[in-house]
Amino acid sequence: MTTPAMDTTDETAESSRSAETSHRPSALPEVSKPNSESPWPSALPPYLRSYEAYIEYCMARFEHEGVPKAAYERLCASCTAAFKILSEAFVDCNWTESWNKEVPFCSVNQFLRSASEGNCHHHILRAESGESDVDTPEPGDAALRLQIISGNGLAEPPLTGSLYLHCVGRGKGKVTLANIGIEVKDEHYSGARGSPTSVITARDGSWNQAIKWMENCRSHPLCNAVQTTLQDKWPARLVAVGTPGDTYVRVCETSRDGFAKEPYMTLSHCWGKNGVPIRLLEENYARFLDGIQLRELPNTFRDAIELTRKLEIPYIWIDCLCIIQDSPGNQDWTRESAKMQEVYRNSFLNLAAGASSDSNGGLFKRRYPLSVVPWSVPVAENVYLTSMYTNEHFIYGVPKLILSTRGWVLQEQLLARRALTFGQAELHWECSTCQASESFPDSYEKHVFTNLWMMETGIFRPAWENLLNGKLVDTDRQRAWNRLIKTYTRRSLTMPSDRLVAISGLAEQLSSRWSGITYLAGLWSYRLIHGLLWYNEAKGQSIRDMEVAPSWSWASLIHERQLKRPLYGLKGHEDRLEWIDVLAEALDACVTPKTTTNPFGPVACGGSIKLRSPIIRGKLARNYQRYTCNLAIEDNGNLGTSTLLIKDVEVKWDDINDGKADLEEVYIAPFEIVAHDSYDWAVAHGLVFLKTTVPLLPGRTQWRLRRAGYFELGDDYFCVHSEDWFMKGDERLSSDYDSDNGCHDNGSDRNRADVLYRAMRWKRDIDKLKRKGLFRHLDSWFAGKVGDSPEERMNYLRRDPYFNGPPLNTNLENRYPPKMWKRLFPHISHFLETIAQVARNNKANGTPDPVLGLGEGNGYYTYEIV
């Protein structure tokens, strides 16, 4: 593979300011190379009207190393004065405390004028539209004040914080200028953060870095799997790109005799609101086989084809040119979409147009010259205030690149062995082994702080590859899938019907490495009861479509604003450090794929799960003061009908149309009780159902239950017993706690001792329940049951395919020792006793529930959810 230079004359990548910042040195008079003592030339020529233009000119003429570092730290008079005050205040600051300082700044007009002139590194960074997501102050003479808030409780740097602008006299609103960091540049300072070396991502500096990534990747074993030669694993068509200078490309069929199965590349891009301007259709199919003129293609396609030619790769796969978009019954799309795992897995390199909202945006972007190198302001000896690095993939949990907001693109990012993303600010690299950018060209892994939000809120290629190939237990795979779904459901899909097919390649890939576990319309059979306990974080933004998936699957929820980026998605209840008392078990699950070619794609209507659990019918009424609901339950006892009340049930509705009316009749089923070792609280988790009808025979229907939401009912040990503890603290402390171990007579120490005593009492009681086998850490229990033997694991899963765990304890009224039961879980115990009491009375009176029947008489029923 050669390492050609990027085309520096591509006018599509240039900005409208090309006249004053042209990169063609021959078009400009000579300017002597600057030196470190004098960052400005002796006199700016008239064609260089700003400091910004001067830096861009220097980078084009002398390359990145020719621009003095002082040039990237230039501040205007207002910033210089403000940071001088901050520097003086910073000298005596305490590293272990938060630091908050506000100083006079300038007027709004002065701020905006300095930004537009491009003569202040700090102003231009945050005030030019497009560089920042924050709002710009409205023009006027109002005074601004600069505030820095910093401090993270560490004994030494690095500290983090934010820089704000306050507009005096206009309320308490403030504009965020920048996320900041504090670095100590002493003898141990590594200066590991790099920087882009060109103003436009089409320049040689960016391309040379991409070549280095590709060359390094060739030595990664995980990144160089043998490409398949099986025809059914190949895409039906590819675009033959030809050689540099060719004015056309053509679509070729991979099944034709004589087709050479050589490497190909792929492209990830946004179609845009109006779709792509050129698509493969039945009517133009023959013409596309003969050839397509490059001028017919949008900028993104042309850029991708040009890079493919430079790398001397003969083919590229572009979805709208390689899949017939109007085939009868959508057959071609159905067939080809089922191959997504192989299409991207076998690609040599996936090119991603990260910052383009449609196919005309192109791959290459122009960077702001003053943002190419991060600004750095001295605030004390060897201590600098710096701009914090924010990765374009995720900024505080929200993807900044438009491409990363699209649902289909997630599996493209994870399935491809290596990907080169063209962002607005820099190029990004991901392969099965490494994740990097122009700012951190070696790897993000060496700089964990830069990737913290990314790891918490998303899943990326190296982590996914480790999940597939590492020796991970079942629960690790389950958690990783939950994290993937949380990322996926935050993204948008133009077609709601694509909800399952757009991640079918990932599901297929995980299934091939997860023996004995069945895929069920977005869920997995491993710990199915626990997998059902997802909930919707996007309150009031979703509607349910059971044509897409059964109600119990997250895939049945569709965000109302599909073309807008949802801030929240779905969340699965995590139990990494918790002990569980399981109340429910899955007996059977049935899902039928719509097509035999893609068992991990769309499903037919009628998927169901048969459950056995406590469940009760009642009416929910909102408690507006506590943001919870009260559940009213009708009990037909010996003394007549009475109403029992369960207070403070927290319900998270799936669909904005469910739960709108007060006194909504629902079915509530607790699935598990969770207690945490370190915190004195317990929570009952479960689902909320509504009754629905399903067809049986022509003209006949039957009642079933469909999911409507998720609920929690909690007991906070501290809140429940706080009054009792503080009233009787002296008596308890004297009998149960040795005052010589730190208890004193003053009130604050006594209160601390009371808290400590409650925590000790909680842990002691929970430990007793664990020793009795009433609470278990299910993953540890399972690991102890099967050990490291794959044969034992498979034998167990044949007996318990949904991994329900130990035999179910169906005693709801006397589940735990009486004193401990009331002391630890008063609300939960009242709820479970009510379920058992109502079921017992209904069975004694011969009063079956219209959906559940009579049940077992102890609160347990067997029922189906659809």
Side-chain angles (χ1 to χ4, degrees), residues 232-233 235-236 271 319-320 322-345 406-412 414-415 481 484-485 487-512 514 517-525 528 531-532 534 536 542-560 562-563 566 569-570 589-609 654-655 692 694-695 704 706-707 864-866:
D232 62 346
K233 303 297 184 182
W271 280 43
D319 52 4
C320 57
C322 297
I323 299 177
I324 303 174
Q325 302 296 311
D326 63 346
S327 61
N330 221 18
Q331 293 179 359
D332 195 62
W333 184 90
T334 301
R335 182 169 52 250
E336 293 301 299
S337 65
K339 300 178 182 179
M340 287 301 100
Q341 182 196 175
E342 289 80 15
V343 168
Y344 283 94
R345 184 72 172 172
R406 306 302 299 162
W408 270 99
V409 174
L410 179 62
Q411 74 171 1
E412 297 170 9
L414 295 181
L415 291 173
W481 180 259
L484 184 147
I485 294 305
T487 300
Y488 176 64
T489 53
R490 289 181 173 184
R491 301 187 176 206
S492 299
L493 287 169
T494 303
M495 300 295 294
S497 57
D498 292 348
R499 199 75 157 145
L500 287 172
V501 70
I503 57 163
S504 60
L506 295 173
E508 181 182 4
Q509 195 174 43
L510 181 56
S511 177
S512 67
W514 204 0
I517 306 301
T518 303
Y519 185 65
L520 300 166
L523 304 180
W524 296 91
S525 59
L528 180 57
L532 290 169
W534 54 267
N536 186 11
S542 301
I543 57 175
R544 170 161 277 122
D545 186 352
M546 291 180 63
E547 294 291 323
V548 175
S551 70
W552 42 264
S553 169
W554 53 264
S556 65
L557 291 189
I558 309 299
H559 289 295
E560 276 196 310
Q562 281 297 326
L563 294 179
L570 302 180
C590 177
V591 174
T592 304
K594 278 188 176 179
T595 66
T596 57
T597 58
N598 191 3
F600 300 92
V603 296
C605 294
S608 65
I609 297 177
D654 297 339
D655 189 326
T692 187
V694 296
R704 290 288 187 270
R706 71 166 178 86
R707 176 181 160 132
E864 278 189 21
I865 58 175
V866 296

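Treat the numbers as computed from the prediction; the structure is a model and nothing was measured.
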Query raised in the report: Does Ile485 reach the side chain of Ile503, with side-chain heavy atoms less than 4.5 Å apart?
Result: yes

Query raised in the report: Would you say Val866 and Ser608 make side-chain contact, with heavy atoms under 4.5 Å?
Result: yes

Report summary line: From the list Ile609, Asp654, Leu528, side-chain contact (heavy atoms from CB on, under 4.5 Å) with Trp552 holds only for Ile609

Query raised in the report: Should Arg345 and Glu342 count as an ion pair when the cut-off is N to O under 4.0 Å?
Result: no

Report summary line: For Leu493 and Ala502, the nearest pair of non-hydrogen atoms, with its separation, is CD2-CB, 4.2 Å

Report task. Would you give the length of the straight line joining atom OG of Ser542 to atom CG of Leu557, rounded to the nearest 0.5 angstrom? Result -> 5.5 Å

Query - Geometric cation-pi criterion, Arg707 with Trp534: 6.0 Å, 45° - result: yes

Requested in this report: Taking the side chain as every heavy atom from C-beta outward, state whether Val548 and Met495 have any pair of such atoms under 4.5 Å apart.
Outcome: no

Query raised in the report: What's the shortest heavy-atom distance between Ser504 and Ser337, and which atoms?
Result: OG-O, 4.3 Å

**Report entry** Min side-chain heavy-atom separation Thr494-Arg406 under 4.5 Å
**Finding:** yes

Report summary line: Here the gap from Glu412 atom CD to Leu506 atom CG, rounded to the nearest 0.5 Å, amounts to 10.0 Å

Report task. Carefully, step by step, assess Arg499 and Thr489 under the rule side-chain contact (heavy atoms from CB on, under 4.5 Å). Result -> CA-CA 9 Å; Arg499 199 75 157 145; Thr489 53; 3.9 Å; yes

Requested in this report: Heavy atoms only: give me the nearest Val603-Ala549 pair and the separation to one decimal.
Outcome: CG2-CA, 4.1 Å

Query raised in the report: Do Glu336 and Pro235 have side-chain heavy atoms sitting under 4.5 Å apart?
Result: yes

Requested in this report: Examine distances only and state if a side-chain atom of Asp332 and a backbone atom of Ser327 form a donor-acceptor pair shorter than 3.5 Å.
Outcome: no

Query raised in the report: Do Phe600 and Leu510 have side-chain heavy atoms sitting under 4.5 Å apart?
Result: no

Requested in this report: List the steps and the verdict of side-chain contact (heavy atoms from CB on, under 4.5 Å) for Trp333 and Asp326.
Outcome: CA-CA 9 Å; Trp333 184 90; Asp326 63 346; over 6 Å; no

**Report entry** Ile865 CD1 to Thr692 OG1 distance, which is reported to the nearest 0.5 Å
**Finding:** 12.5 Å

Requested in this report: Locate the shortest heavy-atom distance separating Leu523 from Gly531; write the atom from each residue and the value.
Outcome: CD2-O, 3.8 Å

Query raised in the report: Quick one: are Trp554 and Tyr488 in side-chain contact, heavy atoms under 4.5 Å?
Result: yes

Query raised in the report: How long is the span from the CG atom in Asp655 to the CZ atom in Arg706, to the nearest 0.5 Å?
Result: 7.0 Å

Query raised in the report: Which heavy atom in Glu547 sits nearest to a heavy atom in Cys605, and how many Å separate them?
Result: OE1-SG, 3.6 Å

Query - Interatomic spacing from OG1 in Thr595 to CZ in Arg335 - rounded to 0.5 Å - result: 11.0 Å

Query raised in the report: By ring pair (Phe, Tyr, Trp, His ring centres under 6.0 Å), which residues pair with Trp514, not counting sequence neighbours?
Result: Trp524

Query raised in the report: Thr334 versus Pro602: any side-chain heavy-atom pair under 4.5 Å?
Result: no

Query raised in the report: Closest approach of Ala338 and Thr597, non-hydrogen atoms and distance?
Result: CB-O, 3.6 Å

Query - Distance (rounded to the nearest 0.5 Å) between Ile543 CD1 and Ser556 OG - result: 10.5 Å

